[in-house]
2 protein chains.
Amino acid sequence: MIDKLFSNFDNYLPLDAAEREDLAGRVIERKIKRRQFILQENDVCRHYTFVAEGCFKKFQVDDKGTEHNLQFAAEGDWLMEIGSFYFEKPSRVYIEAIEPAVIFQISRQNLYHLYDNNPKFDRNFRVIVENRLVETENRVLQAISSTAEERYLAFIKQYPHLLSRLPNTQIASYLGITPEFLSKVRKDLLKK
Amino acid sequence: MIDKLFSNFDNYLPLDAAEREDLAGRVIERKIKRRQFILQENDVCRHYTFVAEGCFKKFQVDDKGTEHNLQFAAEGDWLMEIGSFYFEKPSRVYIEAIEPAVIFQISRQNLYHLYDNNPKFDRNFRVIVENRLVETENRVLQAISSTAEERYLAFIKQYPHLLSRLPNTQIASYLGITPEFLSKVRKDLLKK
DNA sequence: CCCTCCCCTTAATCTACCTTAAGCGTATTT
DNA sequence: AAATACGCTTAAGGTAGATTAAGGGGAGGG
């Protein structure tokens, strides 16, 4: 299972045998049940999480109790609350498993160890964060400039593998609309 | 003027004399006029930009020709199109000066040189990107969960120094609403 | 295997926000 | 100093999307 973690780095700067060993000694493998939380509001986010199997949602809850999905993460994705992780501040988000999952987690201490001892890790984790930033800026743009229908079509295009695995209520929350309205959007699209 | 660049790093890991010298030799100082572009759509973003004086907007233009502001950057802020910069892809955004400005720019090559030769730069630029990510995720959350009035109030709170310097049309574009509706929001707030 | 809790959908009413159009004041340019 | 462009506002009418309420189907957990 840890091979999935290793091969994730092949997308960036691949790891050699020694680096894989170093990494393997610094991550913890965990099995997570459906609906289990790996981060709750007000807790400090103490790990970078790599998803080897399963699917998570990262979301915030407003004063009315409504959830707002900020990110989905499935196999091969990284997941963290970056502000909480680096500054050890209480998290404002929850991270919850949507499916049974297997993850690898690395602590801040161990991550810094990797950064300090090998520039390749440094570069790799930089690119991981940069990719998240690109994705997130795209979302801001879509949110301020596109209709719900356009955003739904963009979601389908960008995350086809998630479409069949997520209930529409979760997708609606991600798109920033109500499940009822997503239902209407989907119906209107079928007519076309 | 370059002292503003140096002292920006005091927010993270401060630079010593040798590091300042190294950095100074690798940045270019430029004076930018009002309405001048430092990045246009389809050009590759070749620099990280530090704003020492003045103010910029980073925006995207949709098919109807409408501008959508993704970021404002004033004194002490960093500015780049990260996807274009690292992957040398054509930019989808414009960066334009709203006021006459003085900036320092560093090329990818020189930035990598700093990364490779001193972990402190590495760490500093990582934090700069991480902070952008935190800010951008906040914006996504606001966009999908708050009303225009709430977003306007949050903007005032987060960027009070920008409020008096930006025309309301630009703020409206940042908030994802029309100038006419922002005008109404402001009127309604005054009544309260 | 049953029960309960999700999840999806439809439809009516309501509201936040957009569009268009027009008028006015103040910078910027010539 | 005139000309022009730009920014702010108001208001009427229109649309995207929220809210509320209700019913039916399917899956997970006991």
Side-chain angles (χ1 to χ4, degrees), chain A residues 32-36 54-55 57 59 62-69 72 96-101 142-156 162-192, chain B residues 32-36 54-55 57 59 62-69 72 96-100 141-156 162-192:
Chain A
I32 309 291
K33 291 181 195 156
R34 185 165 183 265
R35 308 236 164 134
Q36 185 177 343
C55 185
K57 61 177 177 175
F59 64 95
D62 67 24
D63 3 281
K64 289 175 194 159
T66 309
E67 297 183 5
H68 301 281
N69 287 340
F72 297 119
E96 180 185 352
I98 296 181
E99 304 170 354
Q142 273 186 23
I144 66 177
S145 70
S146 302
T147 64
E149 181 172 307
E150 287 165 342
R151 276 178 277 146
Y152 179 61
L153 290 172
F155 181 87
I156 291 175
L162 291 180
L163 200 61
S164 52
R165 294 164 66 177
L166 294 172
N168 285 334
T169 47
Q170 295 304 323
I171 296 176
S173 164
Y174 182 93
L175 296 176
I177 58 178
T178 58
E180 292 85 355
F181 190 62
L182 176 56
S183 188
K184 179 173 190 302
V185 165
R186 285 159 45 82
K187 191 172 130 195
D188 292 349
L189 282 172
L190 283 178
K191 283 185 194 161
K192 289 180 182 171
Chain B
I32 309 292
K33 293 182 192 155
R34 192 170 122 91
R35 308 236 165 134
Q36 185 177 340
C55 185
K57 60 175 177 177
F59 64 94
D62 68 23
D63 4 277
K64 288 175 194 160
T66 310
E67 297 183 6
H68 301 280
N69 287 339
F72 297 118
E96 180 185 352
I98 296 181
E99 304 170 354
L141 179 72
Q142 275 187 22
I144 67 177
S145 72
S146 303
T147 64
E149 181 172 307
E150 287 164 343
R151 278 178 276 148
Y152 179 61
L153 290 172
F155 181 86
I156 290 175
L162 290 180
L163 199 62
S164 52
R165 293 164 67 176
L166 294 172
N168 284 335
T169 49
Q170 295 302 322
I171 296 175
S173 163
Y174 182 93
L175 297 176
I177 58 177
T178 57
E180 292 85 355
F181 190 62
L182 176 55
S183 189
K184 179 172 190 304
V185 166
R186 285 158 46 81
K187 190 171 132 196
D188 292 350
L189 282 172
L190 282 179
K191 282 186 195 160
K192 290 181 182 171

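Lettering of chains follows the sequences in order, A, B, ..., and the numbering in each one begins at 1. Note that this is a predicted model, so its numbers are computed, not measured.
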Query raised in the report: Separation of B:Ile171 atom CD1 from D:dG7 atom P, in whole Å?
Result: 12 Å
Query raised in the report: Parallel, tilted or perpendicular for A:Phe72 and A:Tyr174, by the 30°/60° rule?
Result: parallel
Query raised in the report: Does A:Thr178 place a side-chain N or O at less than 4.0 Å from the phosphate oxygens OP1/OP2 of D:dA18?
Result: yes
Requested in this report: Starting at atom CZ of A:Arg151, determine the distance to atom P of D:dG17, rounded to an integer number of angstrom.
Outcome: 6 Å
Query - Donor-acceptor pair, side chain of A:Arg165 and main chain of A:Gly54, under 3.5 angstrom - result: yes
Requested in this report: Taking only the side-chain nitrogens and oxygens of B:Arg186, find out if one of them lies under 4.0 Å from OP1 or OP2 of D:dC8.
Outcome: no
Query raised in the report: Any side-chain N or O of B:Lys184 under 4.0 Å from OP1/OP2 of C:dT15?
Result: no
Query raised in the report: Atom CD1 of B:Ile144 and atom P of D:dA18: how far apart are they, to the nearest Å?
Result: 11 Å
Report task. Take A:Ile177 and B:Arg35, find for each the nucleotide of DNA chain D with the closest heavy atom, and name the residue whose nucleotide sits nearer the 5' end. Result -> B:Arg35
Requested in this report: Give the nucleotide from the list C:dC7, D:dT10, C:dC17 with an atom nearest to the side chain of B:Lys187.
Outcome: D:dT10
Query raised in the report: Closer to the 5' end of DNA chain C via nearest nucleotide, is it B:Thr147 or A:Leu166?
Result: A:Leu166
Query raised in the report: Expressed in angstrom and rounded to an integer, what is the separation of B:His68 atom NE2 from C:dC18 atom P?
Result: 11 Å
Query - Non-hydrogen atoms of A:Ala97 and A:Lys33 that approach each other most closely - result: CB-O, 3.4 Å
Requested in this report: Starting at atom CD of A:Glu67, determine the distance to atom P of C:dC6, rounded to an integer number of angstrom.
Outcome: 11 Å
Query - Phosphate OP1/OP2 of C:dC8: any A:Asn168 side-chain N/O under 4.0 Å - result: yes
Report task. Could you tell me whether the side chain of B:Thr66 and the main chain of B:Asp62 form a donor-acceptor pair under 3.5 Å? Result -> no
Query raised in the report: Taking CD from A:Glu180 and C1' from C:dT10, how many angstroms apart are they, rounded to a whole number?
Result: 10 Å
Query - Short side-chain N/O contact to C:dA27 OP1/OP2 from B:Arg34, under 4.0 Å - result: no
Query - B:Phe181 CZ - D:dA12 P separation (whole Å) - result: 16 Å
Query raised in the report: Expressed in angstrom and rounded to an integer, what is the separation of A:Asp188 atom CG from C:dT9 atom P?
Result: 12 Å
Report task. Please check if the side chain of B:Asn69 supplies one atom and the backbone of B:Ser173 the other of a donor-acceptor pair under 3.5 Å. Result -> no
